[in-house]
Structure formats: C-alpha cells, structure tokens
Amino acid sequence: MRSKFPVPFMTVLLAAPVYVMNLYVLQSISTIENIASRSAIDAHLGDVLSQSLPAAETIADAPSNYEVDFLRFSWHHSRNISDDATEANYRDLFSACWWQPRETFLKVAAFEKVTGSPEGASFKVFRSNMPKIRMTRDWLDLGVEHMSKWWKLVLESNDAVPSTIARIVDIFKDYTYSSDRKMFFEHVNRGNTIEEEEAVQVSASTLAMIAYMPGRVQDVTVWSLSATIMSLLQVGMGRIIVSGHKQTDEVLVRKAFSIVNNATRDWSNGDEISSKLEFCVSHNATTGINATKFNIPMAVMVRLRHVLMRKEDRSDVVSCWLGGSQESDRDRWKYLFLGEPDTILTTKPDALPGLTKALRSGAVLAPHRYQPLPHASDFSEVRGMGNKRNILPNAPPFKYVVEIDTFSPAQINSCCDRGKFKPWLLHEKCDVTFWWQCGFVAMRKPEKIPIIEGEGDCGRELTSVIVAHKRLLGYTLMRLKRGTGVVYASSESGKTCLPKSGQCIDEMKENQALRTG
C-alpha cells in the first residue's frame with residue numbers, strides 16, 4: 001500500500017505555504033496568485049490528497065517499541081526559537097482539559113473557592129504542578145478537538161439557515177455513531193500485554209468530569225456533548241459526570257445520555273454504559289463579578305474536592321459523583337479527567353500504555369488543543385448559506401488538506417510538534433482575542449484589504465481572502481480521519497505539528513540528547 005505521506009509530497013506541501021508566508025513578510029504579495037495557480041503544484045497535491053486509506057476493520061498492532069515522548073516545558077519562554085531549548089509554555093498547555101492522579105488534584109488548595117476565571121480550573125493545576133506537567137510530542141497521542149468557537153463562527157452569519165445547523169449536527173452524529181468508537185474500545189480492552197492491562201486499569205479507575213456550559217442552539221449542544229462522551233468511553237473511562245450549576249441543565253444532558261446509550265448498545269459492555277453516566281449539580285458557581293457571573297469549571301472542581309475530602313457528607317450528593325456513598329466508592333477513583341462539552345478527546349490506542357504509565361508516576365497530562373477552522377470542504381453540501389465570510393474557501397492555497405489516521409491498519413501516522421514555530425507571530429497583531437480569527441474579522445470589511453488584482457485561478461475575491469488570512473499561510477491544513485474530520489491547522493495559541501508516517505523518531509532522539517546533554 002502506498003504511504004499516505006511520501007517524502008516528496010511532504011516537502012512540496014510544507015514548502016508551498018511557508019514560501020507564501022515568506023512572500024508576505026517580504027511584502028511581495030503580487031506573486032501570490034502565481035503560487036496559488038501553479039498547475040504543477042496544484043495537480044501533484046490534488047492527486048496525492050485525493051488518495052485515502054481504506055476504512056480499517058481492525059487496528060494494526062503497534063511495534064513493541066512504541067514510545068510516548070513529551071515536550072520540554074517552561075512556564076515562560078522566549079519567542080525566539082534559538083534562545084532556549086524549551087518547546088512549550090503555559091499558553092500552549094491550555095485546552096480546558098487535563099488528566100491527573102487524584103492525590104495531585106487534592107493538593108491544589110486553590111480549588112476551595114470559585115474565582116472569576118474559568119481557565120483557572122486548568123491553570124491552577126498547572127501552576128501547582130509545573131515539574132509534573134506532560135504534553136506529548138506527537139499530537140495524535142493526546143489532544144482534544146475544541147469545537148465551540150468553530151461552530152459559533154460558522155453560525156455567526158448563518159444561524160438562521162437550518163441546513164447549516166443540520167450539517168454541524170451531522171458532523172457530531174457521524175462521530176458518535178462511527179464504528180471507529182467501538183473498534184477503538186475493543187482494541188484498548190484486549191489486554192494482550194501487561195502494559196495494556198495496566199492502561200485499562202488506569203482508564204477504568206478514572207472519574208471524568210465535563211463542566212457543562214450549554215450553547216444557544218440546543219441540537220448542537222446535545223450532539224456535541226454526545227460526541228464528547230463517546231470520545232471518553234472509547235478509552236474506557238470508568239465514570240463520566242456532566243456537571244452544571246442548574247438542575248434544569250439535566251434535561252438536555254439526559255438527551256445526550258440517551259443518544260450515547262443507543263450508540264453503545266452493541267458494545268461488549270453496552271449494558272453497563274448507563275451506570276457510568278450521571279448528571280450532578282456543581283457547587284454554587286456565582287463569582288460576584290459582572291464580567292464572569294458564573295464559573296462552571298471552577299464550581300465543578302470545588303464540589304469534587306469537597307466530595308473526595310469528605311467535606312460534603314450528603315449521601316445523595318456523594319453517590320451522584322462517586323456512584324455510591326461507601327468508602328470503597330471514594331477509593332475507587334484514583335485518576336481524574338476534566339473536559340467540557342465541546343472538547344472531543346483524540347488519542348491512539350498504541351499511546352495509552354505510555355500515557356497511563358506517566359499518570360501512574362504522578363504526571364499531569366495536558367492534551368493538545370486542536371483548533372478547527374470553518375472550511376468550505378466541510379460544508380460543501382449545505383445549501384442556502386448566505387454569507388460565507390467566516391468560511392475558508394476550498395481553493396488554493398486553502399484547498400490542500402492532509403488527512404491523518406490515528407489508527408491506520410497499514411502504518412503508524414504521527415503529527416510531530418514543531419516547538420516554538422508559530423508562523424502567525426511573524427505578522428502584526430489584529431484587534432481580536434484569537435489570532436486565527438483575524439482573517440475572518442478582516443473579511444467583514446473586504447474593501448479595506450489591500451488588493452493586487454488576481455490572474456488565472458486567483459481572482460480579486462480569492463486574493464482578498466488570501467491577504468486577510470495571511471497568518472494561516474505558514475500552517476499545514478489537516479483533518480483527523482477518526483475524529484470529527486473537520487479542518488484544523490494549529491492549537492489556539494498557534495502551536496502546530498508536522499504530519500508524517502511513522503513515529504517522531506528524529507525529534508525524540510533530539511529531545512533525549514538535550515535532556516541528557
């Protein structure tokens with residue numbers, strides 16, 4: 001079978017966007033049309049990207065030496081790549097998710113009260129455990145697809161188009177009911193080796209919490225939550241608590257539970273799934289701050305801390321969170337996972353033994369945060385979308401998207417972290433919170449974008465889009481075959497990875513040399 005990522009292909013693929021990016025740095029925008037319309041690149045990339053690995057019926061065994069490697073981290077580091085050898089800082093860590101031992105969590109005294117920042121549910125953990133933080137070198141080993149900013153951007157100008165909402169729901173529905181979920185679960189639970197058995201035990205003794213913050217479109221909220229729960233069940237997590245600060249939140253959550261129960265009815269443990277899912281009310285989430293009136297993630301942390309530390313003694317509350325009110329129920333949950341209803345976990349079955357080994361040694365795992373980008377290829381069948389300013393066109397240079405398979409039957413695919421390489425930093429800041437939205441904001445007033453008249457495949461309208469989204473041109477567009485399948489390019493902080501066949505061997509060797517040197 002042909003390799004999904006042959007070397008010549010990757011060379012051309014990575015060279016094209018970086019070359020275009022450098023043209024912007026040199027203010028040679030007039031040559032962009034020529035790059036975008038070069039028939040040789042267009043034909044070659046189009047041919048390679050049109051190929052797809054066949055759907056897997058089984059998952060290939062990992063090599064016996066499969067290794068999970070972790071990045072070199074410091075709380076702060078210079079943006080200059082040559083200044084130090086660290087590869088991630090505190091901004092890169094945030095995904096609104098973590099996975100850690102219970103005892104590590106209980107040592108974070110800052111979870112005794114609800115503060116104003118929802119992000120504090122993550123940063124307070126990271127700040128208290130800096131030497132223990134682990135973020136994987138291969139993004140496919142542990143990450144989450146963070147979906148809400150993606151669908152909010154799509155719906156910003158198309159919220160009245162039923163077919164747009166239906167398409168977003170279908171993406172989550174396809175993920176939820178995909179046979180990949182069951183196949184992943186069965187592979188994880190086969191227990192062929194001691195390491196795999198230990199991984200199963202760690203997952204089974206993990207209490208996962210989803211800090212529930214519903215969106216304004218109910219169907220999207222329900223199906224996004226369903227997909228998030230499925231992503232946790234497929235790795236074998238023992239109990240999943242969806243926690244909101246209002247009892248009325250339970251109505252939509254129960255709809256998601258019903259969907260999940262239906263999607264897992266033919267799993268080997270299908271009759272046990274319903275007992276693994278529960279809705280529990282959080283601690284009082286009121287902050288007393290006008291800007292952030294409620295902090296659900298922190299309220300969830302406070303309630304859990306009180307339950308585990310016996311500060312909460314109401315048996316109905318304890319039973320809701322732990323599955324029972326006996327001491328054995330409290331002792332059962334040795335690991336904790338935090339997520340949100342729009343964070344879909346992605347990992348490799350082969351990586352779980354390495355991840356759980358790190359957890360057993362006391363590590364705090366910080367998943368990568370995949371930031372999806374609204375892309376026309378994900379909405380090609382939607383009719384009636386009036387304003388497409390918040391959608392990247394399926395045209396050069398944005399039409400080239402690499403599909404990555406997290407459990408290919410033929411080979412191991414990886415996406416190797418690129419350290420401090422954040423191409424968007426080469427450009428001026430724009431007046432928005434998230435850098436990757438700069439182009440979408442610019443397209444609201446396209447008449448203000450400096451334009452060079454396009455030629456060939458690249459007319460004036462497309463050239464406007466390219467100039468507006470210049471910060472994206474240094475990135476490779478990708479999609480996860482076993483994930484939602486939507487297009488992404490980076491994390492929220494601008495960190496990115498290089499897709500390749502095989503493991504990140506060269507990068508791992510360099511990391512080992514720096515650690516021991």
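When all heavy atoms are compared, the tightest approach of Ser491 to Gln371 is C-CB, 4.0 Å. In plain terms, the two heavy atoms of Met478 and Ile404 that are nearest each other are SD-CD1, 3.7 Å. Closest non-hydrogen pair, Ala208 versus Met237, comes out as CB-SD, 3.7 Å. In terms of heavy atoms, Asp378 sits closest to Val487 at OD2-N, 3.1 Å. The minimum heavy-atom distance between Ile210 and Pro341, with the atom names listed, is CG2-N, 3.5 Å. Here the shortest heavy-atom pairing between Thr406 and Lys348 reads O-CG, 3.4 Å.
A donor-acceptor contact shorter than 3.5 Å is absent between the side chain of Asn262 and the backbone of Ile259. Proximity of a side-chain donor or acceptor of Asp92 to a complementary backbone N or O of Asn89 within less than 3.5 Å is detected. Judged by distance alone, the side chain of Ser231 and the main-chain N or O of Thr228 form a donor-acceptor pair under 3.5 Å. Between the Asn295 side chain and the Thr115 main chain, a donor and an acceptor come within less than 3.5 Å of each other. No donor-acceptor pair under 3.5 Å is formed between the side chain of His146 and the backbone N or O of Ser95. In this structure, the side chain of Ser128 does not engage the main chain of Val125 through any donor-acceptor pair within 3.5 Å. One N or O on the side chain of Asp138 and one on the backbone of Cys415 form a donor-acceptor pair closer than 3.5 Å. Judged by distance alone, with hydrogens and angles left aside, the side-chain atoms of Ser224 form no donor-acceptor pair with the main-chain N or O of Thr221 at under 3.5 Å. A distance-only check finds a donor-acceptor pair linking the side chain of Trp435 to the backbone of Glu492 [under 3.5 Å]. In this structure, the side chain of Glu196 does not engage the main chain of Arg190 through any donor-acceptor pair within 3.5 Å.
Here the two rings, on Tyr90 and Phe126, have centers that are 6.0 Å apart or farther. Two rings, from Phe257 and Phe279, have their centers 6.0 Å or more apart.
Lys152 has no carboxylate O lying under 4.0 Å from a charged side-chain N of Asp342, or vice versa, which leaves the two without a salt bridge.
For the ring pair (Phe, Tyr, Trp, His ring centres under 6.0 Å) condition, the pairs that include at least one residue of residues 209-252, sequence neighbours left out, are His245-Phe294.
Looking at His368 and Leu71, their side chains come closer than 4.5 Å, going by heavy atoms from C-beta outward. Looking at Thr136 and Phe70, their side chains come closer than 4.5 Å, going by heavy atoms from C-beta outward. Tyr475 has its side chain out of reach of Leu373: every pair of non-hydrogen atoms, C-beta onward, lies at least 4.5 Å apart. Counting only heavy atoms from C-beta outward, the side chains of Leu142 and Arg134 never approach each other to under 4.5 Å. Side-chain atoms of Met230 and Tyr177, non-hydrogen and from C-beta on, never get closer than 4.5 Å to each other. In this structure the side chain of Trp436 never reaches within 4.5 angstrom of the side chain of Trp424, judged on heavy atoms. Thr347 places a side-chain heavy atom less than 4.5 Å from the side chain of Phe184. Side-chain contact between Val242 and Leu277: absent, with no pair of heavy atoms (C-beta onward) separated by less than 4.5 Å.
Of the candidates Lys500, Lys495, Arg72, Lys495 is the only one forming a salt bridge (Lys or Arg N to Asp or Glu O under 4.0 Å) with Asp417.
In terms of the ring-ring contact (aromatic ring centres under 6.0 Å, His included) criterion, Trp333 has no residue partners (sequence neighbours excluded). In this structure, the side-chain hydrogen bond (donor to acceptor under 3.5 Å, both in side chains) partners of Glu145, at least two apart in sequence or on a different chain, are Thr484. With sequence neighbours excluded, the residues forming a salt bridge (Lys or Arg N to Asp or Glu O under 4.0 Å) with Asp266 are Lys182, listed by chain and number. Considering only residues two or more places apart in sequence or on other chains, Phe185 meets the ring-ring contact (aromatic ring centres under 6.0 Å, His included) condition with Trp267. Here Arg181 pairs with nothing under the salt bridge (Lys or Arg N to Asp or Glu O under 4.0 Å) rule; sequence neighbours left out. Among residues two or more places apart in sequence or in another chain, the salt bridge (Lys or Arg N to Asp or Glu O under 4.0 Å) test is passed with Glu250 by Arg254. With sequence neighbours excluded, the residues forming a side-chain hydrogen bond (donor to acceptor under 3.5 Å, both in side chains) with His375 are Ser377, listed by chain and number. Residues meeting the salt bridge (Lys or Arg N to Asp or Glu O under 4.0 Å) test with Glu327, sequence neighbours left out: Arg310, Arg330. Taking Thr206 as the reference, Trp99 meet the side-chain hydrogen bond (donor to acceptor under 3.5 Å, both in side chains) condition, with sequence neighbours excluded. Not counting sequence neighbours, the partners of Ser178 by the side-chain hydrogen bond (donor to acceptor under 3.5 Å, both in side chains) test are Asp180.
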Derivation of the side chain to side chain contact (heavy atoms under 4.5 Å, CB included) call for Glu340 and Ser148: CA-CA 10 Å; Glu340 293 183 356; Ser148 61; over 6 Å; no
Derivation and outcome, side chain to side chain contact (heavy atoms under 4.5 Å, CB included), residues Gln218 and Leu252: CA-CA 8 Å; Gln218 290 190 359; Leu252 291 184; 3.8 Å; yes
Derivation of the side-chain hydrogen bond (donor to acceptor under 3.5 Å, both in side chains) call for Ser117 and Glu119: CA-CA 5 Å; Ser117 170; Glu119 292 80 7; 3.1 Å; yes
Thr476/Leu498 under side chain to side chain contact (heavy atoms under 4.5 Å, CB included): CA gap, chis, key distance, verdict: CA-CA 8 Å; Thr476 300; Leu498 175 66; 5.6 Å; no
Working for side chain to side chain contact (heavy atoms under 4.5 Å, CB included), residues Asp350 and His187: CA-CA 9 Å; Asp350 306 331; His187 185 88; 3.9 Å; yes
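Taken to the nearest 0.5 Å, the OG atom of Ser275 stands 9.5 Å off from the CG atom of Asn261.
When the SG-SG distance for Cys416 and Cys504 is compared with the 2.5 Å cut-off, it comes out below that value.
Ring geometry for Phe172 versus Trp151: interplanar angle over 60°, hence perpendicular rather than tilted (30 to 60°).
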Which atom pairs, one a donor and one an acceptor, fall under 3.5 Å between side chains of residues 296-309 and the rest of the protein, sequence neighbours left out?
{"residue": "Arg303", "atom": "NE", "partner": "Val281", "partner atom": "O", "Å": "3.4"}
{"residue": "Arg303", "atom": "NH1", "partner": "Glu312", "partner atom": "OE1", "Å": "3.2"}
{"residue": "Arg303", "atom": "NH2", "partner": "Ser282", "partner atom": "O", "Å": "3.0"}
{"residue": "Arg305", "atom": "NE", "partner": "Glu112", "partner atom": "OE2", "Å": "2.6"}
{"residue": "Arg305", "atom": "NH1", "partner": "Leu106", "partner atom": "O", "Å": "2.6"}
{"residue": "Arg305", "atom": "NH1", "partner": "Val108", "partner atom": "O", "Å": "3.2"}
{"residue": "His306", "atom": "NE2", "partner": "Glu112", "partner atom": "OE1", "Å": "3.4"}

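Within 6.0 Å of the NZ atom in Lys357, the count of heavy atoms belonging to other residues, nucleotides or ligands does not exceed 12.
Both tests pass for Arg482 against the ring of Phe407: distance under 6.0 Å to the centre and angle within 45° of the axis.
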